[in-house]
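Bear in mind that the values here come from a model prediction, so they are computed numbers and not experimental data.
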Amino acid sequence: MGQPEQHAEGAGPFTTRLTWQRAEGETVVWESRLARRRGVLSVRGPGEAAGRPSAAGPRALRRLRRLNAIASGAFVTGGALFAVGAAISQFGSGDPLLSASVYFAGGLFFNTGGYVSLLQVLNAPRHAPGGGALVTAGWRWWGYEPMRLDWLSTFVLFVGTLVFGVNLLDSFLRGLSVQQVNRLVWTPDMIGCVLFLVSGHLAFAEICHRSLPCLRSRSLGWWVVAVNQFGSLLFMVSALAAFTRPSTGSLLNTGIANWGTLTGAVCFSVGGVLQLFERP
């Protein structure tokens with residue numbers, strides 16, 4: 001018997017939704033984010049108006065819940081620490097070492113959240129071609145799957161957290177010239193912000209099944225991505241304001257830099273809380 005005909009949707013070369021019919025007449029819909037976050041397919045029988053969820057096995061669902069809880073907690077904590085660091089810079093004693101230390105601690109949690117997000121993709125149940133069931137492979141700590149949009153989005157996010165780590169480490173350096181500050185601290189900050197925004201755009205493409213963003217206010221996953229993307233945009237505003245003027249040695253706008261970081265960090269904490277509920 002040949003493979004059932006499949007209808008693929010997605011953004012560019014990436015497939016984010018597949019629809020096919022089983023031999024018994026049931027219509028099966030696989031969506032990338034729903035499968036890896038909630039471990040479900042949608043199955044609609046002949047004559048049925050709406051689909052019903054078909055879940056992966058208990059082992060896969062436990063794995064998804066555990067990874068989601070770790071990633072969610074990491075982003076909530078990392079965002080909270082970044083907000084505290086920005087508040088210290090704006091309202092505290094002005095001790096740069098204290099705020100840098102708090103930022104660095106928050107960065108470690110962002111690193112954790114980024115890596116665990118990648119693990120969610122690598123260890124999510126996959127659909128079996130032709131059969132429609134979700135199957136779970138053995139555990140993987142790493143994998144290279146650049147033609148999967150979910151992998152690409154989370155990989156770019158993880159790299160962004162590592163680049164932010166360079167920025168946070170360099171912020172401990174003292175006695176730097178203005179040129180060195182802009183090269184070692186500001187430039188990695190800008191690159192990290194760009195990577196966060198690219199990751200968010202790819203995440204929108206995964207949910208919307210197209211290259212352009214969409215509005216899906218009833219989708220919890222959409223709200224997770226939207227809140228985090230708004231936080232990334234605020235981080236970018238903060239980074240632009242944190243450029244050091246060569247002529248004066250002062251930031252373009254210290255207040256905007258601190259408030260952009262604080263509000264962006266709060267967005268990531270809120271996104272982490274929302275993500276906690278996007279689970280099987």
Taking every non-hydrogen atom, the tightest pair across Arg148 and Asp150: NH2-OD2, 2.8 Å
For the residue pair Glu206 and Thr16, confirm or rule out a side-chain donor-acceptor distance under 3.5 Å. no
Kindly give the heavy-atom pair with the smallest separation between Thr154 and Trp151, and that separation in Å. OG1-O, 3.1 Å
Answer yes when Glu278 and Arg33 have at least one side-chain N-carboxylate O distance shorter than 4.0 Å, and no when they do not. yes
Quick note, disulfide bond (SG atoms under 2.5 Å apart) partners involving residues 235-280, not counting sequence neighbours, are none
When clusters are formed by joining ILVMFWY residues with side-chain heavy atoms under 4.5 Å apart, either directly or through shared neighbours, do Leu34 and Val29 land in the same one? no
For a side chain to side chain contact (heavy atoms under 4.5 Å, CB included) with Asn68, tell me which candidate from Arg37, Arg63, Arg36, Arg38 qualifies. Arg37
For the pair Tyr115 and Phe158, name the ring-plane relationship: parallel under 30°, tilted 30 to 60°, perpendicular over 60°. tilted
Is any side-chain heavy atom of Pro13 closer than 4.5 Å to a side-chain heavy atom of Met147? yes
Aromatic plane relationship, Trp139 with Trp141 - under 30° parallel, 30 to 60° tilted, over 60° perpendicular: perpendicular
Over all atoms of both residues, closest heavy-atom pair of Ser211 and Gly12: OG-N, 4.1 Å
In the structure I gave you, are the side-chain heavy atoms of Ser101 and Leu97 within less than 4.5 Å of one another anywhere? yes
In the structure I gave you, are the side-chain heavy atoms of Pro96 and Arg174 within less than 4.5 Å of one another anywhere? yes
Find the distance between CD (Gln275) and CG (Asn228) and round it off to the nearest 0.5 Å. 7.5 Å
Are the side chains of Phe109 and Phe82 in touch, meaning some heavy atoms are under 4.5 Å apart? no
Check: Thr261/Ser238 side-chain N/O donor and acceptor closer than 3.5 Å: yes
